[in-house]
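Read the structure below first, then the notes.
Residues: numbered from 1 along the sequence shown. What you see below is based on every heavy atom in this structure, not just the backbone, and it leaves out hydrogens, waters and symmetry mates.
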Amino acid sequence: TITSIVEIKLTLSRGSLFGAIGQVLAYQAAYDATREPIILTKRIEPEATGIVDICDHLGVRVVIWDGVNPDIAMSI
């Protein structure tokens, strides 16, 4: 069962994070409002860290993936 909508970005800059937020929220609204919106990344640029805090208020989870083990992801 699919329970989430995932947008993957190698690195989250300020601009790419705003774009990813818009994409996961638009897909959630278009396809299934019950799916959890998640942004998956390997790295967050320093200028984007403040925006990550806003994601929580929007109901969007940001996950940093270590790139090695798909079971090891750190939610922030």
>> When you measure from the side chain of T41 to the backbone of K9, do you find a donor-acceptor pair of N or O atoms at a distance under 3.5 Å?
In response: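 Side chain of T41 to backbone of K9: a pair is present.
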When you measure from the side chain of S4 to the backbone of P37, do you find a donor-acceptor pair of N or O atoms at a distance under 3.5 Å?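 Flag not set: sc S4 to bb P37 has no pair under 3.5 Å.
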[Y] and [X], any side-chain heavy atoms less than 4.5 Å apart:
X   : Y   : result
E36 : T3  : no
I51 : I21 : yes
L10 : S16 : no
I39 : V63 : no

Determine the minimum heavy-atom distance between [X] and [Y], stating which atoms define it.
X   : Y   : value
V24 : V6  : CG1-C, 4.4 Å
E45 : S13 : CG-CA, 3.8 Å
A48 : L12 : CB-O, 3.7 Å

* **Candidates V52, V60, T11, I54 - the one meeting side chain to side chain contact (heavy atoms under 4.5 Å, CB included) with L17** =>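 Answer after filtering V52, V60, T11, I54: V52.
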Starting at [atom1] of [X], measure out to [atom2] of [Y] and round the result to the nearest 0.5 Å.
X   : Y   : atom1 : atom2 : result
I5  : I38 : CD1   : CD1   : 9.5 Å
T49 : R14 : OG1   : CZ    : 10.5 Å
E7  : L40 : CD    : CG    : 10.0 Å

